[in-house]
*Asks:* 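The structure is given below, and queries will be raised subsequently.
Numbered from 1 within each chain, the chains take letters A, B, ... in sequence-line order.
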Number of protein chains: 2
Amino acid sequence: MSPRSPAIAPRRARDADARAYHHGDLRNALLAHARTMLERDGPEAVSLRAVARAAGVSQTAPYKHFASKDDLLATIAGDGFLELAASQRVIADAQDTAAERLVLLGRDYVGFATTTPQRYRLMFGAGGIDWRAHPPVAEAKAGSFTPVKDVIAEHLAGERLASGARAEVAAIATWALVHGLSMLLVDRTLHADEQGGEHALVGAVLEEHVAGLGSQASRRGAAAAVR
Amino acid sequence: MSPRSPAIAPRRARDADARAYHHGDLRNALLAHARTMLERDGPEAVSLRAVARAAGVSQTAPYKHFASKDDLLATIAGDGFLELAASQRVIADAQDTAAERLVLLGRDYVGFATTTPQRYRLMFGAGGIDWRAHPPVAEAKAGSFTPVKDVIAEHLAGERLASGARAEVAAIATWALVHGLSMLLVDRTLHADEQGGEHALVGAVLEEHVAGLGSQASRRGAAAAVR
DNA sequence: GCTTGATGTTAACAGTGATTACTTGGAGGT
DNA sequence: ACCTCCAAGTAATCACTGTTAACATCAAGC
């Protein structure tokens, strides 16, 4: 994201007086204030004018850096997906068992969601913005899912009956499970502290899921589902 | 929901002229138009004024029937949760195996979500309304989860090691799985037709999950998660 | 038949996203 | 050293939103 950030900052030559006519780094300042307001009030309550006020500029100044309010939010969401993807990639490439990495991936995913819950909500549709209208965001979103998909494939590689379709289903199920858990926590439908804390809850749910993935019973179940 | 609907409609005495000064059944007309616009444009784009226009009434008339826009949306969401809960209850009380009923519950749940996707988004936080500020909605929401919880408890009742905590975790995992799948379908992150259709996808995911729930492996997994 | 209260309407306020036309001032070529 | 150009700021304005206050209407009950 942040496509046009110049390699070397051409402004802010004088270092002292921050309040020139030209702001110096308004784009990033706007993003920072928007992120703060996003996490405080939620995506629906973020106002471009309020962001501009917080940055100390006129209400139309943001339009020199973002085509629209949606464009600003898309930048934040896209950065979020890239951040998530990078974090997941590191875990996926670690040395542990595939099963262990799956649990770690799940913990990391849910942790990402609960650390910046409003951003997570934004990333998954809460502002009513369709990322298909913002291709870089759509790409980053898809990319954030590939580490899980890879590790699932690896986890099921040693199995008989391990068709590609089965790995695909298992990957979708895992994503759905972790995403659903994140959503229920983020919108406060579930309260982690009533379930022994996030660590214990995510651990219990994921260990059960991953163990089930490899079991004889789940193979029978998956086979039965085809009919 | 819809608390104050009179037992017998006291107006619309003359049946012909629909355009009296008093609308006759404005409350329900507003709800109907709101539902239509909700499903067409999403919760974020629903405007109380547009709803009023659609009903052919002044923009402040809705305030005689709803305290605020959020109140109108809360009514729709609450009705949605009641509808979902009723449908789930019927399946939970059917004659099939607990395992079979779990799959049917999942199908029903995902079907509910994908039939009226924008309403489902509204019910789960899109629109930025916190149902804790609308107690009847919060109750209806909690109630829509109990059928699954009951059947999970029943499913695990025959097991050794079947502590209440384990059933609780399994219920949460199941809810998260089905809710996550619904969300991914509803916000078009996933496309059911690329996965063999919704029926096949939900079937595959749920059969695998339910089979895993009862397996030896999942018991080992759940035990391991405690550490 | 008069009063009353629920159900409408009109007018207004503050806040929003966005567009247009303007000003400013720093960077680079001559 | 100057001068031009254009990215990055501003002010004014439009259409729209949620919400409130004050006023109008009409059906029903005493």
*Asks:* Using heavy-atom distances to pick each residue's nearest nucleotide on DNA chain C, tell me which of B/Ala61 and A/Ser68 is more 5'.
*Replies:* B/Ala61
*Asks:* Could you check how far CG of A/Asp70 sits from C1' of C/dA18, rounded to whole Å?
*Replies:* 12 Å
*Asks:* Would you please say whether a donor-acceptor pair under 3.5 Å links the side chains of A/Asp70 and A/Ser68?
*Replies:* no
*Asks:* Roughly, in whole Å, what's the span from CD in B/Glu44 to C1' in D/dT17?
*Replies:* 15 Å
*Asks:* Between A/His65 and D/dA7, is there a side-chain N or O to OP1/OP2 distance below 4.0 Å?
*Replies:* no
*Asks:* Can A/Glu168 and A/Lys149 be counted as an ion pair, charged N to O under 4.0 angstrom?
*Replies:* no
*Asks:* In whole angstrom, give the distance that lies between atom CG of B/Asp25 and atom P of D/dA27.
*Replies:* 16 Å
*Asks:* Hey, does B/Val51 reach any base, or is it just sugar-phosphate, or nothing, if we go heavy atoms under 4.0 Å?
*Replies:* nothing
*Asks:* From the options C/dT10, C/dT16, D/dA8, select the nucleotide whose nearest atom is closest to the side chain of A/Arg53.
*Replies:* C/dT16
*Asks:* With respect to the side chain of A/Ser47, which nucleotide from C/dG17, C/dG8, D/dT10 is positioned closest?
*Replies:* C/dG17
*Asks:* Sequence neighbours excluded, which residues qualify as salt bridge (charged side-chain N to carboxylate O under 4.0 Å, His left out) partners of A/Asp71?
*Replies:* none
*Asks:* Would A/Arg121 and A/Glu39 pass as an ion pair if we require N to O under 4.0 Å?
*Replies:* no
*Asks:* Which nucleotide, D/dT19, D/dT10, C/dG17, lies nearest any side-chain atom of B/Lys69?
*Replies:* D/dT19
*Asks:* Whole angstrom is fine here: how far is it from CE in B/Met37 over to C1' in D/dT17?
*Replies:* 12 Å
*Asks:* Take B/Glu198 and B/Thr114 through the test side-chain hydrogen bond (donor to acceptor under 3.5 Å, both in side chains) and record every step on the way to the result.
*Replies:* CA-CA 9 Å; B/Glu198 183 181 305; B/Thr114 55; 2.9 Å; yes
*Asks:* For nucleotides 21-23 of chain D, give me every protein contact, N/O to N/O, under 3.5 Å, one pair per line with atom names.
*Replies:*
none

*Asks:* Show your working on salt bridge (Lys or Arg N to Asp or Glu O under 4.0 Å) between B/Arg89 and B/Asp150 and close with a plain yes or no.
*Replies:* CA-CA 10 Å; B/Arg89 179 86 271 155; B/Asp150 293 350; 3.2 Å; yes
*Asks:* For B/Arg119, which residues count as a side-chain hydrogen bond (donor to acceptor under 3.5 Å, both in side chains) partner, sequence neighbours excluded?
*Replies:* B/Glu83, B/Thr116
*Asks:* Rounding to an integer number of Å, can you tell me how far A/Leu30 CG sits from C/dG17 C1'?
*Replies:* 15 Å
*Asks:* Could you state the CG-C1' distance from A/Leu72 to C/dG17, rounded to the nearest angstrom?
*Replies:* 13 Å
*Asks:* Aromatic rings B/Tyr109 and B/Tyr120: how do their planes relate, parallel, tilted or perpendicular, breaks at 30° and 60°?
*Replies:* perpendicular
*Asks:* Side chain of B/Gln59 only, heavy atoms from C-beta on: which candidate in C/dA12, C/dA18, D/dG18 is closest?
*Replies:* C/dA12
*Asks:* Taking for each residue the nucleotide of DNA chain C with the nearest heavy atom, is it A/Ala50 or A/Ala67 whose nucleotide lies nearer the 5' end?
*Replies:* A/Ala50
*Asks:* Expressed in angstrom and rounded to an integer, what is the separation of A/Ile129 atom CD1 from C/dG17 atom C1'?
*Replies:* 13 Å
*Asks:* Looking at A/Arg49 and C/dG17, is any side-chain donor or acceptor paired with a base atom of the opposite kind under 3.5 Å?
*Replies:* yes
*Asks:* To the nearest Å, give me how far apart CZ (A/Phe66) and P (D/dG9) are.
*Replies:* 11 Å
*Asks:* Side chain of B/Tyr63 only, please: which of D/dG18, C/dG8, D/dG9 is the nearest?
*Replies:* D/dG18
